[in-house]
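Take a look at the structure set out below.
Note that these values count all heavy atoms, side chains included, but never hydrogens, waters or copies made by symmetry. Counting starts at 1 for both ligands and their atoms, following the listed order.
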Amino acid sequence: MKTYLVTGAANGIGRAVALRLGEAGDIAILNDLTDSTDLQAVTEELRDCGVQARVALGDVSDPSTAAHAFEGLDRLDVLVNNAGILFEAPITELSLEQWDRMIRVHLHGAFLFSKGAAALMKRQGSGAIINIASDLGQLGCVNLCHYSAAKGGIIAFSKSLARELAPWQVRVNSVAPGGTLTPMVERMGEDYIREEAARYPLQRLGSAEEIANVVAFLASDQASFMTGQILGVNGGGAMVG
Ligand SMILES: NC(=O)c1ccc[n+]([C@@H]2O[C@H](COP(=O)([O-])OP(=O)(O)OC[C@H]3O[C@@H](n4cnc5c(N)ncnc54)[C@H](O)[C@@H]3O)[C@@H](O)[C@H]2O)c1
(Lines give C-alpha, C1' and ligand atoms only; values in the text may rest on other atoms or scores of the structure.)
Protein backbone atom coordinates (compact mmCIF):
# COMPACT_ATOMS: atom_id res chain seq x y z
CA MET A 1 0.00 0.00 0.00
CA LYS A 2 1.56 3.31 -1.11
CA THR A 3 0.55 6.42 0.81
CA TYR A 4 1.25 9.92 -0.42
CA LEU A 5 0.55 13.47 0.72
CA VAL A 6 0.33 16.55 -1.48
CA THR A 7 -0.06 20.12 -0.20
CA GLY A 8 -1.95 22.69 -2.26
CA ALA A 9 -3.66 19.86 -4.13
CA ALA A 10 -6.81 21.65 -5.33
CA ASN A 11 -5.33 23.44 -8.33
CA GLY A 12 -2.51 23.68 -10.82
CA ILE A 13 0.63 21.63 -10.20
CA GLY A 14 -0.64 20.16 -6.90
CA ARG A 15 -3.78 18.87 -8.57
CA ALA A 16 -1.83 17.32 -11.44
CA VAL A 17 0.64 15.73 -8.99
CA ALA A 18 -2.15 14.32 -6.82
CA LEU A 19 -3.79 12.70 -9.86
CA ARG A 20 -0.51 11.43 -11.36
CA LEU A 21 0.66 9.86 -8.08
CA GLY A 22 -2.77 8.25 -7.79
CA GLU A 23 -1.83 6.03 -10.76
CA ALA A 24 0.66 4.19 -8.53
CA GLY A 25 -0.74 5.05 -5.08
CA ASP A 26 -3.39 3.60 -2.83
CA ILE A 27 -3.95 6.21 -0.13
CA ALA A 28 -3.82 9.98 -0.73
CA ILE A 29 -3.86 12.78 1.80
CA LEU A 30 -4.77 16.01 0.06
CA ASN A 31 -4.19 19.39 1.64
CA ASP A 32 -5.45 22.79 0.55
CA LEU A 33 -6.66 25.95 2.24
CA THR A 34 -10.40 25.36 2.00
CA ASP A 35 -12.84 22.68 1.00
CA SER A 36 -13.32 24.14 -2.48
CA THR A 37 -15.20 22.50 -5.32
CA ASP A 38 -11.79 22.13 -7.00
CA LEU A 39 -10.46 20.07 -4.08
CA GLN A 40 -13.65 18.01 -3.99
CA ALA A 41 -13.26 17.30 -7.72
CA VAL A 42 -9.68 15.98 -7.27
CA THR A 43 -10.76 13.86 -4.30
CA GLU A 44 -13.65 12.37 -6.25
CA GLU A 45 -11.53 11.71 -9.33
CA LEU A 46 -9.02 9.79 -7.19
CA ARG A 47 -11.75 7.83 -5.42
CA ASP A 48 -13.21 6.89 -8.82
CA CYS A 49 -9.78 5.41 -9.65
CA GLY A 50 -9.78 3.33 -6.45
CA VAL A 51 -7.52 5.59 -4.38
CA GLN A 52 -8.58 6.17 -0.76
CA ALA A 53 -8.43 9.96 -0.66
CA ARG A 54 -8.61 11.93 2.59
CA VAL A 55 -8.63 15.71 2.88
CA ALA A 56 -6.57 17.67 5.45
CA LEU A 57 -7.65 21.29 5.22
CA GLY A 58 -5.72 24.30 6.40
CA ASP A 59 -2.86 26.71 5.84
CA VAL A 60 0.43 24.79 5.54
CA SER A 61 2.21 27.46 7.60
CA ASP A 62 -0.04 26.67 10.60
CA PRO A 63 1.42 23.80 12.69
CA SER A 64 -2.07 22.42 13.36
CA THR A 65 -2.53 21.69 9.62
CA ALA A 66 0.42 19.27 9.43
CA ALA A 67 -0.62 17.78 12.78
CA HIS A 68 -4.08 17.09 11.33
CA ALA A 69 -2.66 15.72 8.06
CA PHE A 70 -0.43 13.20 9.87
CA GLU A 71 -3.12 12.17 12.39
CA GLY A 72 -3.55 8.38 12.36
CA LEU A 73 -0.89 7.86 9.65
CA ASP A 74 1.49 5.02 10.39
CA ARG A 75 3.39 5.22 7.10
CA LEU A 76 4.06 7.71 4.33
CA ASP A 77 5.85 6.87 1.09
CA VAL A 78 5.79 10.24 -0.67
CA LEU A 79 5.42 13.85 0.49
CA VAL A 80 5.11 16.64 -2.07
CA ASN A 81 5.47 20.14 -0.59
CA ASN A 82 3.73 22.10 -3.32
CA ALA A 83 1.46 24.75 -1.73
CA GLY A 84 2.61 28.19 -2.73
CA ILE A 85 1.65 31.79 -3.42
CA LEU A 86 2.93 34.46 -5.81
CA PHE A 87 2.57 38.23 -5.91
CA GLU A 88 4.87 40.87 -7.35
CA ALA A 89 6.21 43.86 -5.39
CA PRO A 90 9.33 46.02 -5.65
CA ILE A 91 11.30 45.83 -2.40
CA THR A 92 10.50 49.47 -1.59
CA GLU A 93 6.79 48.59 -1.53
CA LEU A 94 7.06 45.16 0.04
CA SER A 95 5.81 45.18 3.63
CA LEU A 96 7.30 43.03 6.36
CA GLU A 97 3.92 41.30 6.62
CA GLN A 98 4.04 40.37 2.91
CA TRP A 99 7.63 39.16 3.22
CA ASP A 100 6.70 37.13 6.30
CA ARG A 101 3.67 35.60 4.55
CA MET A 102 5.79 34.50 1.58
CA ILE A 103 8.43 32.89 3.77
CA ARG A 104 5.84 31.27 6.03
CA VAL A 105 3.79 29.62 3.29
CA HIS A 106 6.80 28.18 1.49
CA LEU A 107 9.41 27.56 4.18
CA HIS A 108 7.37 27.05 7.35
CA GLY A 109 5.02 24.86 5.30
CA ALA A 110 7.78 22.67 3.86
CA PHE A 111 9.46 22.45 7.29
CA LEU A 112 6.32 21.44 9.19
CA PHE A 113 5.22 18.80 6.67
CA SER A 114 8.75 17.44 6.17
CA LYS A 115 9.18 17.14 9.94
CA GLY A 116 6.05 14.98 10.15
CA ALA A 117 7.12 12.93 7.12
CA ALA A 118 10.68 12.44 8.37
CA ALA A 119 9.49 10.86 11.62
CA LEU A 120 7.50 8.21 9.71
CA MET A 121 10.03 7.70 6.92
CA LYS A 122 12.99 7.24 9.28
CA ARG A 123 11.02 4.54 11.10
CA GLN A 124 10.18 2.83 7.79
CA GLY A 125 13.70 3.19 6.40
CA SER A 126 12.27 4.52 3.12
CA GLY A 127 10.44 7.46 1.56
CA ALA A 128 10.66 10.31 -0.90
CA ILE A 129 10.14 14.01 -0.23
CA ILE A 130 9.77 16.29 -3.23
CA ASN A 131 9.75 20.03 -2.73
CA ILE A 132 8.42 22.31 -5.45
CA ALA A 133 10.92 25.12 -5.81
CA SER A 134 11.15 27.41 -8.86
CA ASP A 135 13.74 28.40 -11.46
CA LEU A 136 13.55 31.82 -9.78
CA GLY A 137 15.07 30.27 -6.66
CA GLN A 138 18.28 29.99 -8.69
CA LEU A 139 17.93 32.88 -11.16
CA GLY A 140 16.27 35.55 -9.00
CA CYS A 141 13.71 37.93 -10.48
CA VAL A 142 12.83 41.64 -10.49
CA ASN A 143 9.97 42.46 -8.07
CA LEU A 144 10.05 38.92 -6.71
CA CYS A 145 12.89 39.04 -4.16
CA HIS A 146 10.54 37.60 -1.50
CA TYR A 147 9.39 34.71 -3.73
CA SER A 148 12.91 34.01 -5.05
CA ALA A 149 14.31 34.01 -1.50
CA ALA A 150 11.64 31.55 -0.39
CA LYS A 151 12.35 29.26 -3.34
CA GLY A 152 16.12 29.52 -2.91
CA GLY A 153 15.45 28.54 0.70
CA ILE A 154 13.46 25.52 -0.47
CA ILE A 155 16.43 24.35 -2.54
CA ALA A 156 18.89 24.72 0.37
CA PHE A 157 16.40 23.08 2.74
CA SER A 158 15.99 20.11 0.36
CA LYS A 159 19.73 19.56 0.00
CA SER A 160 20.31 19.71 3.76
CA LEU A 161 17.44 17.35 4.46
CA ALA A 162 18.69 15.01 1.74
CA ARG A 163 22.00 14.75 3.59
CA GLU A 164 20.33 14.35 6.98
CA LEU A 165 17.87 11.63 5.96
CA ALA A 166 20.06 9.65 3.53
CA PRO A 167 21.22 7.16 6.20
CA TRP A 168 17.58 6.02 6.47
CA GLN A 169 17.24 5.70 2.68
CA VAL A 170 14.88 8.67 2.61
CA ARG A 171 15.39 10.70 -0.58
CA VAL A 172 14.76 14.43 -0.77
CA ASN A 173 14.78 16.29 -4.09
CA SER A 174 13.41 19.52 -5.47
CA VAL A 175 11.70 20.26 -8.74
CA ALA A 176 12.25 23.77 -10.10
CA PRO A 177 9.54 24.60 -12.63
CA GLY A 178 9.74 27.48 -15.02
CA GLY A 179 6.54 29.29 -16.06
CA THR A 180 3.71 26.77 -15.92
CA LEU A 181 0.14 27.41 -17.02
CA THR A 182 -1.82 27.16 -13.77
CA PRO A 183 -4.31 29.46 -12.03
CA MET A 184 -1.29 31.15 -10.33
CA VAL A 185 0.09 32.27 -13.68
CA GLU A 186 -3.28 32.81 -15.36
CA ARG A 187 -3.97 35.43 -12.68
CA MET A 188 -0.97 37.43 -13.98
CA GLY A 189 -2.84 38.16 -17.24
CA GLU A 190 -2.51 37.37 -20.94
CA ASP A 191 0.27 39.88 -21.67
CA TYR A 192 2.45 38.38 -18.95
CA ILE A 193 1.83 34.86 -20.30
CA ARG A 194 2.68 35.90 -23.89
CA GLU A 195 5.89 37.67 -22.84
CA GLU A 196 6.92 34.82 -20.56
CA ALA A 197 6.35 32.22 -23.27
CA ALA A 198 8.56 34.14 -25.72
CA ARG A 199 11.43 34.03 -23.20
CA TYR A 200 11.66 30.24 -23.26
CA PRO A 201 13.63 28.36 -25.92
CA LEU A 202 10.65 26.01 -26.32
CA GLN A 203 8.50 29.16 -26.93
CA ARG A 204 5.74 28.20 -24.54
CA LEU A 205 4.95 27.73 -20.87
CA GLY A 206 4.79 24.27 -19.35
CA SER A 207 1.69 22.40 -18.28
CA ALA A 208 1.00 21.21 -14.75
CA GLU A 209 1.08 17.64 -16.08
CA GLU A 210 4.62 18.13 -17.39
CA ILE A 211 5.74 19.09 -13.88
CA ALA A 212 3.76 16.20 -12.36
CA ASN A 213 5.56 13.70 -14.63
CA VAL A 214 8.90 14.71 -13.16
CA VAL A 215 7.55 14.63 -9.60
CA ALA A 216 6.18 11.12 -10.25
CA PHE A 217 9.60 10.06 -11.56
CA LEU A 218 11.35 11.35 -8.42
CA ALA A 219 8.72 9.66 -6.23
CA SER A 220 9.24 6.31 -7.97
CA ASP A 221 11.88 3.61 -7.62
CA GLN A 222 13.16 4.73 -11.04
CA ALA A 223 14.87 7.54 -9.10
CA SER A 224 16.17 5.28 -6.30
CA PHE A 225 19.74 6.64 -6.53
CA MET A 226 18.72 10.31 -6.68
CA THR A 227 18.75 12.57 -3.65
CA GLY A 228 19.63 16.21 -3.03
CA GLN A 229 19.02 17.08 -6.70
CA ILE A 230 17.24 20.02 -8.30
CA LEU A 231 15.41 19.01 -11.45
CA GLY A 232 14.68 21.99 -13.68
CA VAL A 233 11.52 21.68 -15.79
CA ASN A 234 11.53 24.97 -17.64
CA GLY A 235 11.47 24.63 -21.43
CA GLY A 236 15.14 25.60 -21.44
CA GLY A 237 14.39 28.92 -19.69
CA ALA A 238 17.08 28.43 -17.06
CA MET A 239 19.72 28.31 -19.85
CA VAL A 240 18.90 31.79 -21.05
CA GLY A 241 17.95 33.41 -17.73
N1 LIG B 1 2.95 28.06 -12.06
C2 LIG B 1 4.24 28.39 -12.20
O3 LIG B 1 4.66 29.00 -13.20
C4 LIG B 1 5.22 27.97 -11.16
C5 LIG B 1 6.58 28.07 -11.46
C6 LIG B 1 7.52 27.69 -10.51
C7 LIG B 1 7.09 27.22 -9.29
N8 LIG B 1 5.76 27.13 -9.01
C9 LIG B 1 5.38 26.60 -7.70
O10 LIG B 1 4.55 25.49 -7.85
C11 LIG B 1 3.68 25.39 -6.73
C12 LIG B 1 2.24 25.27 -7.21
O13 LIG B 1 1.94 26.45 -7.96
P14 LIG B 1 0.71 26.54 -8.96
O15 LIG B 1 1.18 27.32 -10.11
O16 LIG B 1 0.08 25.22 -9.14
O17 LIG B 1 -0.24 27.50 -8.07
P18 LIG B 1 -1.84 27.62 -8.00
O19 LIG B 1 -2.11 28.94 -7.38
O20 LIG B 1 -2.40 27.32 -9.32
O21 LIG B 1 -2.21 26.46 -6.96
C22 LIG B 1 -1.68 26.53 -5.65
C23 LIG B 1 -2.58 25.77 -4.69
O24 LIG B 1 -1.99 25.91 -3.38
C25 LIG B 1 -3.01 26.30 -2.46
N26 LIG B 1 -2.40 27.08 -1.38
C27 LIG B 1 -1.90 28.35 -1.46
N28 LIG B 1 -1.47 28.74 -0.27
C29 LIG B 1 -1.68 27.70 0.58
C30 LIG B 1 -1.45 27.50 1.96
N31 LIG B 1 -0.92 28.46 2.72
N32 LIG B 1 -1.79 26.30 2.52
C33 LIG B 1 -2.35 25.33 1.76
N34 LIG B 1 -2.60 25.47 0.45
C35 LIG B 1 -2.28 26.64 -0.13
C36 LIG B 1 -3.99 27.12 -3.29
O37 LIG B 1 -5.27 27.17 -2.66
C38 LIG B 1 -3.99 26.36 -4.61
O39 LIG B 1 -4.93 25.32 -4.63
C40 LIG B 1 3.93 26.63 -5.87
O41 LIG B 1 4.83 26.31 -4.83
C42 LIG B 1 4.59 27.58 -6.85
O43 LIG B 1 5.40 28.54 -6.21
C44 LIG B 1 4.82 27.48 -9.91
Side-chain angles (χ1 to χ4, degrees), residues 5-20 29-43 55-69 79-88 98 100-114 130-141 144 146-155 157-158 174-189 192-193 195-197 199-200 202 204-212 214-215 230-235 237-238:
L5 196 167
V6 183
T7 67
N11 292 289
I13 293 170
R15 174 186 179 278
V17 166
L19 294 174
R20 183 72 170 76
I29 298 106
L30 306 177
N31 155 268
D32 211 280
L33 279 171
T34 57
D35 188 21
S36 59
T37 50
D38 292 329
L39 186 62
Q40 287 164 12
V42 181
T43 312
V55 162
L57 293 179
D59 186 329
V60 288
S61 68
D62 179 344
S64 67
T65 304
H68 174 46
L79 166 67
V80 183
N81 283 309
N82 164 78
I85 54 172
L86 177 74
F87 54 87
E88 290 185 295
Q98 288 175 313
D100 192 54
R101 180 82 193 126
M102 186 58 78
I103 299 298
R104 280 183 167 275
V105 171
H106 293 103
L107 286 176
H108 289 43
F111 159 65
L112 291 165
F113 276 77
S114 298
I130 296 128
N131 295 317
I132 306 299
S134 164
D135 58 353
L136 304 184
Q138 295 168 295
L139 298 171
C141 187
L144 284 174
H146 48 321
Y147 181 79
S148 305
K151 292 305 193 180
I154 285 287
I155 290 169
F157 172 71
S158 303
S174 39
V175 171
T180 309
L181 263 184
T182 65
M184 176 184 274
V185 165
E186 281 157 11
R187 282 191 289 272
M188 307 287 278
Y192 175 88
I193 292 173
E195 283 162 26
E196 268 292 288
R199 206 168 65 72
Y200 290 93
L202 287 182
R204 65 175 177 86
L205 299 190
S207 70
E209 288 71 24
E210 287 172 311
I211 310 301
V214 177
V215 173
I230 312 160
L231 287 198
V233 192
N234 52 49

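- Taking a cutoff of 4.0 Å between a charged side-chain nitrogen and a carboxylate oxygen, D59 and R101 qualify as a salt bridge.
- At a threshold of 4.0 Å, the pair E196-R204 does not count as salt-bridged, since none of the basic side-chain nitrogens sits closer than that to a carboxylate oxygen.
- Going from atom CD1 of I85 over to atom CE of M184 covers 7.5 Å, rounded to the nearest 0.5 Å.
- In this structure, H106 and Y147 have perpendicular ring planes: the angle between them is above 60°, well past the 30° mark.
- Within 4.0 Å of ligand 1, counting heavy atoms only, the contacting residues are G8, A10, N11, G12, I13, N31, D32, L33, G58, D59, V60, N82, A83, G84, I85, R101, V105, H106, I132, A133, S134, Y147, K151, P177, G178, G179, T180, T182, P183, M184, V185, R187.
- In this model, a donor atom of one side chain and an acceptor atom of the other lie less than 3.5 Å apart for N131 and N81.
- Closest of all the heavy-atom pairs between F111 and F157 is CA-CZ, 3.8 Å.
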